Trainee: 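One structure, pasted below without further comment.
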Amino acid sequence: MLQLNIIRDNKEFVIERLKIKNFKNAEQTIEEIITLDNQRREMQKQSDECKQKQNILAKQIGSLFKEGKREEAEQKKQETATLKAQEKELGEKLSEVDNNIKTLLLSVPNLPHQSVKPGKGEEDNEVVEMHGEIPQLTDKALPHWDLCSKYDIIDFNLGNKITGAGFPVYKGKGAKLQRALINFFLSEADKSGYLEVQPPLMVNEQSALATGQLPDKEAQMYVVTLDNFYMIPTAEVPVTNIFRDCIVDKKDFPIKRCAYSQCFRREAGSYGKDVRGLNRLHQFDKVEIVCIDSPEHSYEQLQSMMNHVAGLLEKLELPYRVLRLCGGDISFTSALTFDFEVYSAAQQRWLEVSSVSNFETYQANRLKVRYKDDNNKTQLCHTLNGSALALPRIVAALLENHQTEEGIRIPKALQQFTGFDIIN
RNA sequence: GGAGAGUUGGCUGAGUGGUCGAUAGCGGCGGUCUUGAAAACCGUUGAGGGUCACACCUCCGGGGGUUCGAAUCCCUCACUCUCCGCCA
């Protein structure tokens with residue numbers, strides 16, 4: 001959520017930036033927010049004055065009673081009745097205006113960073129880096145779903161029976177490969193200075209609201225209605241919420257956390273080749289990195305997170321490219337996002353395996369993550385996160401790119417975690 | 001699941017209707033003393049709204065109520081702890 005004072009003080013700038021995000025009715029919404037805010041402050045003032053009068057009267061009544069001046073006290077009591085009625089009316093209007101502002105604010109996306117270019121969607125994202133050779137596969141090369149059944153490592157049909165589409169069962173070396181990747185990612189994160197946490201896989205409503213999954217992305221999550229919990233779509237939710245309502249110590253910057261978790265996404269509306277095999281699952285594994293930093297250093301931190309992700313892909317010997325998302329494709333809450341995509345050689349397509357973002361103060365404002373600056377003033381922190389990495393598409397690319405006639409070659413860096421060097 | 005007890009500022013912990021936004025201790029910050037440090041002493045130290053700045057308003061787990069007035073009384077929800085039951 002954007003800070004009201006920023007909207008108030010930089011109206012034109014805010015509107016202009018919002019347009020890059022293709023936010024419709026930017027002027028109208030911002031104007032409305034400012035008008036309502038002016039109303040709010042005026043009402044607040046009136047209501048405060050009303051309360052002040054009541055407080056004064058209450059004190060007077062108290063001392064009158066002590067002095068035994070009953071009648072005078074009773075008289076004053078009458079006065080408070082009108083004030084109370086007045087205040088009630090004002091209070092109701094005030095909370096109505098307040099709610100309207102809140103609703104409007106929640107509908108406004110984050111302002112994109114200066115480097116974010118306008119664009120309609122995916123097609124306008126800018127490739128900023130390319131790494132690795134694209135493997136040339138033979139005619140006999142298979143897409144990963146066929147490799148999965150050929151070597152009996154991932155069973156999609158079994159998952160269909162037990163749960164439904166998008167819940168595969170990993171078997172034998174498939175299961176071990178998963179476990180190895182998780183350990184590899186966690187161990188690399190540890191080396192980069194991320195403190196490992198194991199968060200809950202279900203969160204309450206407040207947490208889902210704070211990181212922005214609610215109210216607008218409710219359809220994306222599985223809901224445990226009996227207890228009013230939400231299955232996490234990413235570890236970002238519980239891990240970022242660790243810091244909700246906290247004033248953190250700036251000495252601890254950058255605060256770095258990593259977490260392995262399973263992620264649950266309903267993915268309503270997806271279909272076709274996008275969901276084939278491991279391309280899009282309802283339950284998948286991911287290691288997430290989360291950082292909290294000061295506004296001065298958050299972009300350095302973003303760069304260091306990107307370096308970390310790039311290092312993982314290099315060690316896995318996968319060709320990848322980095323995209324700077326354009327205004328039309330960047331997420332609602334993000335100021336700047338880089339996507340990492342690996343090339344899946346048999347499918348001959350790029351698959352997104354990581355998304356690294358700086359949310360600046362947008363998330364922190366809702367979460368109330370603050371720190372004290374050098375003047376000891378309370379300020380909002382910047383929050384950042386990234387996948388490091390999401391497993392299924394990595395597995396897909398590993399299987400396809402590293403397939404040989406003898407079997408699937410395991411990259412060297414991973415072998416100490418798998419305990420084998422080939423799947424055959 | 002049953003019975004009971006709790007939830008107060010970074011932490012510990014007072015406060016049961018009237019200057020209580022809250023005693024005290026610890027911690028933090030600043031200072032005195034010291035070659036330096038520790039100890040001791042002095043001062044300072046919650047958040048949000050509002051204001052040019054003050055004033056002022058709100059906040060004692062969340063929400064609602066009683067009252068002229070609530071951290072204090074009532075209702076409700078959440079959470080924590082203890083005992084019992086069940087169980088990985």
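In what follows, chains carry the letters A, B, and so on, assigned in the order in which the sequence lines appear, proteins first and then strands, with residues in each chain numbered from 1. Note that this is a predicted model, so its numbers are computed, not measured.
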Trainee: I'd like the P distance from B/U44 over to B/A22, given in whole Å.
Mentor: 14 Å

Trainee: Mind checking the C1' distance from B/G13 to B/C60? Whole angstroms is fine.
Mentor: 13 Å

Trainee: Drop me the distance from A/Cys326's SG to A/Lys117's NZ, to the nearest 0.5 angstrom.
Mentor: 10.5 Å

Trainee: We want to know whether A/Ser95 and A/Asp98 form a side-chain donor-acceptor pair, criterion being a heavy-atom distance below 3.5 angstrom.
Mentor: no

Trainee: Quick one: look up who B/C86 pairs with, Watson-Crick or G-U, both distances under 3.5 Å, and put none if it's unpaired.
Mentor: none

Trainee: Could you give the distance from CZ (A/Phe253) to SG (A/Cys381), rounded to the nearest 0.5 Å?
Mentor: 4.0 Å

Trainee: Is there a Watson-Crick or G-U wobble partner for B/A39 with both distances under 3.5 Å, and if so, which one is it?
Mentor: none

Trainee: Find the partner of B/C11: check Watson-Crick (N1-N3 plus N6-O4 or O6-N4) and G-U wobble (N1-O2, O6-N3) distances, both under 3.5 Å, and reply none if neither fits.
Mentor: B/G25

Trainee: Compute both the distance and the angle, then confirm whether A/Lys176 meets the cation-pi test with A/Phe420: under 6.0 Å from the six-membered ring centre, within 45 degrees of the axis.
Mentor: no

Trainee: Taking a pair as Watson-Crick or G-U wobble with both distances under 3.5 Å, which nucleotide is matched to B/U80?
Mentor: B/A5

Trainee: Just to be sure I understand the rule, does A/Lys76 reach a base, reach only the sugar-phosphate, or reach nothing, if contact means heavy atoms closer than 4.0 Å?
Mentor: nothing

Trainee: Could you tell me how far B/C52 sits from B/G43 if I compare only their C1' atoms? Round to whole Å.
Mentor: 29 Å

Trainee: Can you tell me the pairing partner of B/C20 across any strand shown, Watson-Crick or G-U wobble, with both distances under 3.5 angstrom?
Mentor: none

Trainee: A/Asn204 near the nucleic acid: base, sugar-phosphate alone, or nothing, with a heavy-atom cut-off under 4.0 Å?
Mentor: nothing

Trainee: Pick the C1' atom in B/G17 and in B/U72, then give their distance to the nearest Å.
Mentor: 7 Å

Trainee: Using purine N1 to pyrimidine N3 plus N6-O4 or O6-N4 for Watson-Crick, or N1-O2 and O6-N3 for G-U wobble, each under 3.5 Å, what pairs with B/C33?
Mentor: none

Trainee: How would you label the contact of A/Ser63 with the nucleic acid (heavy atoms, under 4.0 Å): base, sugar-phosphate, or nothing?
Mentor: nothing

Trainee: Expressed as a whole number of Å, how far does the P atom of B/C79 sit from that of B/G27?
Mentor: 35 Å

Trainee: Does A/Lys11 have any side-chain hydrogen bond (donor to acceptor under 3.5 Å, both in side chains) partners at least two apart in sequence or in another chain, and if so, which?
Mentor: A/Glu31

Trainee: Taking the same atom, P, in B/G61 and in B/C11, what whole-Å distance lies between them?
Mentor: 13 Å

Trainee: With sequence neighbours left out, write down each residue that passes side chain to side chain contact (heavy atoms under 4.5 Å, CB included) with A/Asn25, or none if nothing qualifies.
Mentor: A/Gln28, A/Thr29

Trainee: In whole angstrom, give me the gap between the P atoms of B/G28 and B/G21.
Mentor: 29 Å

Trainee: Closest nucleotide of RNA chain B for A/Glu49 versus for A/Lys84: which of these residues is on the 5' side?
Mentor: A/Glu49

Trainee: Hey, which of these two, A/Gly62 or A/Lys77, hits RNA chain B nearer its 5' end, going by closest nucleotide?
Mentor: A/Gly62

Trainee: Going 5' to 3' on RNA chain B, which nucleotide is the first and which the last to come under 4.0 Å of a heavy atom in chain A?
Mentor: B/G18 to B/G69

Trainee: On a whole-Å scale, what distance lies between the P atoms belonging to B/C41 and B/C26?
Mentor: 9 Å

Trainee: By the definition side-chain contact (heavy atoms from CB on, under 4.5 Å), identify the one residue from A/Asp285, A/Val353, A/Leu278 that meets it with A/Ile394.
Mentor: A/Val353

Trainee: Where do A/Asp37 and A/Arg40 land on the salt bridge (Lys or Arg N to Asp or Glu O under 4.0 Å) test, with the steps shown first?
Mentor: CA-CA 5 Å; A/Asp37 180 50; A/Arg40 194 203 99 237; 2.5 Å; yes

